[in-house]
Amino acid sequence: MKKMFLMGALLLLSLAVGAQPSEKVRRGVPLDSIRMSDPFVLADPDTRMYYMTGTGGALWKSRDLATWEGPYKVAQTDPESWMGPRPMIWAAEIHRRNGKYYYFATFTNRDVKIDTVAGNVIERRACHVLVSDKAEGPYVPMADPTYLPADRPTLDATLWRDTDGKDYMVYCHEWLQNRNGTVEKIELKPDFSGTVGEGKVLFRASDSPWSREATDDGSVRPNMVTDGPFLFRTKKGSLGMIWTSWIRDVYTQGVAYSQSGTLDGPWIQEPQPITPPDYGHGMIFRTFDGRLLMAVHSHYRDAAGRYIRHPHFFTLDDKGSKLKVGKEYRP
């Protein structure tokens with residue numbers, strides 16, 4: 001009863017207020033001044049506003065993609081849920097469906113340990129969906145407490161409506177546990193409040209011809225990481241998926257295409273990466289003036305060895321049967 005009351009209170013709050021500042025809100029911020037991993041951009045037709053979020057969960061908004069306002073805090077999780085009171089938020093996405101907005105993200109409760117594999121303690125990490133009536137949130141929980149099995153670390157969920165008319169969550173089962181990361185799908189309930197059935201593997205990290213890592217004995221093997229799946233369909237009807245892994249220590253994004261034109265594949269990996277080295281975890285959106293763009297983050301180390309990640313946009317051509325990446329777009 002207490003849990004139901006809390007969820008009801010969160011829903012009422014979401015109807016009453018909008019996004020809340022996560023720190024001092026800044027205005028007129030250039031894109032290259034924003035530090036963010038896994039950028040996701042929603043071009044919202046109702047407000048004619050671009051909303052950008054990603055790892056960390058902060059929301060930024062812009063009229064022109066060039067200058068931004070933010071950051072705003074938009075995720076209001078249930079502290080009594082499996083996430084705990086202060087979950088980490090990775091790879092947030094915002095999807096608009098049937099008059100509502102859905103916040104797909106990876107939440108981690110570092111206080112809960114679910115497994116130990118190869119000496120690595122694995123924390124409770126899973127994909128989950130929140131909902132709001134407005135693009136700027138806030139986003140609150142729905143009915144189901146979990147979407148994916150509690151004993152498996154999952155991450156980087158995205159949304160795709162397949163040719164059967166059903167909506168699916170497409171996500172990764174983390175390599176830390178299975179030692180060969182997978183991209184999987186699971187059907188969503190019509191209102192996105194939970195999942196139906198069990199997940200199905202679409203492909204594995206080892207299927208890629210381009211991702212590689214060095215072993216302790218100096219040999220080379222396929223990299224184990226699957227990261228950041230995002231689906232698209234070209235003008236000629238090809239179903240593709242961009243996803244990210246590594247070539248040794250270089251963060252790299254590749255692409256696969258489904259031979260059947262559906263999520264069930266089989267998925268054929270392109271032999272070469274699709275974006276320049278040190279860019280990855282991409283998504284695709286169309287601007288209000290009709291441009292097709294890919295949002296990715298750059299992945300560089302500074303002099304102290306820390307990763308520095310900024311959002312970038314690249315132009316795209318989807319007129320053929322395969323996606324082509326053009327030059328960086330600087331609004």
Describe, in one word, how the ring planes of Tyr307 and His299 are oriented to each other, choosing from parallel (under 30°), tilted (30 to 60°) and perpendicular (over 60°).
tilted

Check: Phe40 ring centre within less than 6.0 Å of His95 ring centre:
yes

On a heavy-atom basis, the closest approach of Pro222 and Arg212 is CA-NH1, 3.8 Å

If hydrophobic clusters are built by linking Ile, Leu, Val, Met, Phe, Trp and Tyr wherever their side-chain heavy atoms come under 4.5 Å apart, do Tyr251 and Ile274 end up in the same one?
no

Qualifying residues under side chain to side chain contact (heavy atoms under 4.5 Å, CB included), relative to Arg248, sequence neighbours excluded:
Val220

Tell me if the aromatic rings of Trp60 and Tyr72 count as close, with their centers under 6.0 Å from one another.
no

Is any side-chain heavy atom of Arg110 closer than 4.5 Å to a side-chain heavy atom of Met88?
yes

Could you walk me through whether Ser208 and Gln269 pass the side-chain hydrogen bond (donor to acceptor under 3.5 Å, both in side chains) check?
CA-CA 6 Å; Ser208 166; Gln269 306 291 331; 5.2 Å; no

Are Met241 and Leu292 grouped together when hydrophobic residues (ILVMFWY) are joined by side-chain heavy atoms under 4.5 angstrom apart?
no

Is the shortest side-chain N to carboxylate O distance from Asp111 to Arg124 below 4.0 Å?
no

Using every non-hydrogen atom in the two residues, find where Trp175 and Asn178 come nearest and quote the distance to one decimal.
CA-OD1, 3.3 Å

Aromatic ring pairing Tyr50/Phe285, orientation class (parallel under 30°, perpendicular over 60°, tilted between)
perpendicular

Given side chains that start at C-beta, do those of Lys134 and Thr47 come closer than 4.5 Å, heavy atoms only?
no

Do Glu69 and Arg26 meet the salt-bridge criterion of a basic N to acidic O distance under 4.0 Å?
no

Between the side chains of Asp289 and Arg291, is the shortest nitrogen-to-carboxylate-oxygen separation below 4.0 Å, so that they form an ion pair?
yes

Residues Trp210 and Glu270: closest non-hydrogen pair is CD1-O, 3.4 Å

Can you tell me how far apart CE (Met142) and NZ (Lys189) are? Round to the nearest 0.5 Å.
10.0 Å

Between Leu176 and Phe107, is there a shared hydrophobic cluster once you connect ILVMFWY residues whose side-chain heavy atoms come closer than 4.5 Å?
no

Between Leu159 and Glu93, is there a side-chain heavy-atom distance shorter than 4.5 Å?
no

Strictly under 6.0 Å, is that where the ring centroids of Tyr279 and Phe314 end up?
yes

Counting heavy atoms not belonging to Lys113, are there more than 12 under 6.0 Å from its NZ?
yes

Check: Asp38 main-chain N/O paired with His297 side-chain donor or acceptor under 3.5 Å:
yes

Nearest heavy atoms of Ala135 and Tyr51, plus distance in Å
CB-CE1, 3.5 Å

Could you report the tightest heavy-atom contact between Asp144 and Gly194, atom names first, then the distance?
OD2-CA, 3.3 Å

Is Asp264 salt-bridged to Lys200, cutoff N-O under 4.0 Å?
yes

A cation-pi test, strictly: NZ or CZ of Arg161 under 6.0 Å from the centre of the six-membered ring of Tyr168 and no more than 45 degrees from its axis. Yes or no?
no

Counting C-beta onward and ignoring hydrogens, is there a side-chain heavy-atom pair between Ile94 and Leu59 closer than 4.5 Å?
yes

Do the ring planes of Phe313 and Trp68 sit parallel (below 30°), tilted (30 to 60°) or perpendicular (above 60°)?
tilted

Could you check whether any side-chain heavy atom of Ile308 comes within less than 4.5 Å of a side-chain heavy atom of Arg35, counting everything from C-beta outward?
yes

Could you tell me which non-hydrogen atom of Trp246 sits nearest to which non-hydrogen atom of Asn223, and how far apart they are?
CB-ND2, 3.5 Å

Please report the C-alpha distance between His312 and Glu328 in whole Å, then the side-chain angles of each, then the deciding distance to 0.1 Å, and finally whether the side-chain hydrogen bond (donor to acceptor under 3.5 Å, both in side chains) criterion is met.
CA-CA 7 Å; His312 295 259; Glu328 184 167 359; 2.6 Å; yes

Check this for me: Asp217, atom CG, are more than 12 non-hydrogen atoms of other residues, nucleotides or ligands nearer than 6.0 Å?
yes

Side-chain contact, heavy-atom cut-off 4.5 Å: Leu31 with Met52?
yes

Under-4.0 Å salt bridge between Glu184 and Arg152
yes

